[in-house]
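Written below as structure tokens is the structure these notes are about.
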Amino acid sequence: MEIASGERVAVIGPSGSGKTTLGSILLGLIPPDSGSISRRPDVPTWKYQKLYQDPIAAFAPRISLRTSLRDVVSRHGLRWGEVEEWLDRVRLRASLLDRLPDQVSSGELQRIALIRVLLLRPVLLVADEPTSRLDPITQQETIDLLAECLAGLECALVLVTHDPAIASNIASRVVTLDAPPASIR
């Protein structure tokens with residue numbers, strides 16, 4: 001599988017088919033059982049990012065969202081103004097950042113997670129079922145927002161999903177993984 005800069009690829013298939021595992025291998029989080037992964041040698045590993053299925057699990061529970069974002073800004077030498085620009089783009093109020101992760105809606109938290117990832121200007125973003133915990137209206141808004149935020153960036157997207165409609169809405173290419181073989185008991 002080859003993924004070009006800026007390409008949008010959806011990976012679909014039933015539970016247990018290896019979608020999340022493929023994403024983790026592409027990000028270098030786990031090694032492949034066979035074969036190899038080639039990445040550009042001039043790109044640091046933190047430029048490969050993941051947008052998680054459960055946004056609440058992606059944040060420290062007792063740290064404000066502002067502090068979580070400030071840590072990223074500080075660690076990577078960014079400007080706080082970039083956070084404010086992203087807040088405008090994803091249509092969130094800055095006052096939400098003074099809350100803890102469990103004090104905002106799942107849709108708002110997923111947008112803040114998206115900001116945190118995009119601040120790093122990734123070359124590859126694996127979005128692992130990023131809308132599965134959201135209601136249908138918020139799902140569509142989040143997918144539209146993801147596509148809008150990635151427009152013009154050189155970031156490739158691998159969207160892991162069960163939903164063919166979501167896949168066809170955002171991806172230029174769809175990879176389908178088969179169901180795993182039935183286990184023998």
Side-chain angles (χ1 to χ4, degrees), residues 6 8-11 19-20 23-24 26-29 43-163 165-167 169-171:
R8 310 292 183 247
V9 178
V11 179
K19 299 180 304 295
T20 295
S24 294
L26 292 172
L27 291 171
L29 300 174
V43 176
T45 57
W46 52 267
K47 289 281 194 176
Y48 297 87
Q49 289 290 316
K50 184 172 185 174
L51 188 62
Y52 290 88
Q53 176 178 19
D54 184 7
I56 195 91
F59 288 90
R62 292 182 175 80
I63 296 175
S64 75
L65 296 166
R66 183 176 305 276
T67 299
S68 291
L69 291 175
R70 278 203 191 281
D71 289 347
V72 172
V73 168
S74 175
R75 178 177 182 140
H76 295 281
L78 305 172
R79 296 178 305 102
W80 184 255
E82 293 177 69
V83 172
E84 293 167 345
E85 291 165 13
W86 278 113
L87 284 168
D88 286 343
R89 279 186 81 178
V90 302
R91 298 176 284 284
L92 287 177
R93 297 179 324 272
S95 61
L96 287 176
L97 299 182
D98 296 319
R99 298 181 186 177
L100 297 176
D102 64 351
Q103 295 174 329
V104 298
S105 74
S106 293
E108 291 166 333
L109 191 58
Q110 192 64 294
R111 286 185 274 168
I112 293 168
L114 180 60
I115 289 171
R116 186 173 61 179
V117 164
L118 293 178
L119 280 169
L120 299 176
R121 295 176 194 86
V123 296
L124 174 65
L125 173 60
V126 174
D128 190 356
E129 295 279 355
T131 62
S132 67
R133 308 270 169 121
L134 307 175
D135 64 79
I137 292 171
T138 308
Q139 281 183 350
Q140 188 59 52
E141 289 172 352
T142 302
I143 288 297
D144 291 345
L145 191 60
L146 179 61
E148 180 184 317
C149 287
L150 290 174
L153 299 180
E154 293 297 315
C155 178
L157 171 69
V158 174
L159 175 69
V160 172
T161 184
H162 288 285
D163 190 333
I166 289 175
N169 186 32
I170 197 169

* Donor-acceptor contact below 3.5 Å, side chain Arg8 vs main chain Gly6 -> yes
* Structure fact -> Taken to the nearest 0.5 Å, the spacing of Leu120 CG from Arg75 CZ works out to 9.5 Å
* Asked: Any side-chain heavy atom of Val126 sitting closer than 4.5 Å to one from Val11?
  -> no
* Can you check whether Tyr48 reaches Val43 side chain to side chain, under 4.5 Å on heavy atoms? -> yes
* Hey, could you give me the CG/CG distance between Asp163 and Asn169, rounded to the nearest 0.5 Å? => 9.5 Å
* What residue pairs, at least two apart or across chains, pass salt bridge (charged side-chain N to carboxylate O under 4.0 Å, His left out) with a residue in residues 92-111? -> Arg66-Asp98
* How would you list all residue pairs meeting salt bridge (charged side-chain N to carboxylate O under 4.0 Å, His left out) that involve residues 113-130, not counting sequence neighbours? -> Lys50-Asp128, Glu82-Arg121
* Asked: If you take all heavy atoms of Ala60 and Pro101, which pair is closest and at what distance?
  -> O-CG, 3.4 Å
* To do: To the nearest 0.5 Å, tell me how far Thr67 OG1 sits from Phe59 CZ.
  => 12.0 Å
* Asked: So do the side chains of Leu97 and Leu92 get within less than 4.5 Å of each other, counting heavy atoms only?
  -> no
* Asked: When rounded to the nearest 0.5 angstrom, what is the spacing between OG1 in Thr142 and CG in Leu114?
  -> 9.0 Å
* For residues Ile115 and Val90, report the shortest heavy-atom separation together with the two atoms involved. => CD1-CG2, 3.6 Å
* Note, Pro61 side chain near Leu100 side chain (heavy atom, < 4.5 Å) -> no
* Using ring-ring contact (aromatic ring centres under 6.0 Å, His included) as the criterion, list what pairs up with Trp46, not counting sequence neighbours. => His76
* **Point-to-point distance, once rounded to the nearest 0.5 Å, from CD1 of Ile112 to CG of Leu87** => 7.0 Å
* Structure fact -> Between Cys149 and Leu118 the two heavy atoms that sit nearest each other are CB-CD1, 3.6 Å
* Considering residues at least two apart in sequence or located in another chain, which fulfil the side chain to side chain contact (heavy atoms under 4.5 Å, CB included) criterion with Ala167? -> Ala10, Ile12, Thr161, Val174
* Asked: Mind checking what makes salt bridge (Lys or Arg N to Asp or Glu O under 4.0 Å) contact with Asp54, not counting sequence neighbours?
  -> Arg133
* salt bridge (charged side-chain N to carboxylate O under 4.0 Å, His left out) contacts touching residues 139-161 (sequence neighbours left out) -> Arg91-Glu148
* With the side chain counted from C-beta on, respond yes when Leu96 and Leu65 share a heavy-atom pair under 4.5 Å apart, and no when they do not. => no
* Determine yes or no for a side-chain-to-main-chain donor-acceptor pair under 3.5 angstrom, with Lys47 supplying the side chain and Leu124 the backbone. => no
* Counting distance only, does the side-chain N/O of Gln110 pair as donor-acceptor with the main-chain N or O of Thr131 below 3.5 Å? -> no
* Structure fact -> Here the gap from Leu150 atom CG to Leu157 atom CG, rounded to the nearest 0.5 Å, amounts to 5.5 Å
* What is the minimum heavy-atom distance between Ile166 and Ile143, and which atoms define it? -> CG2-CD1, 3.7 Å
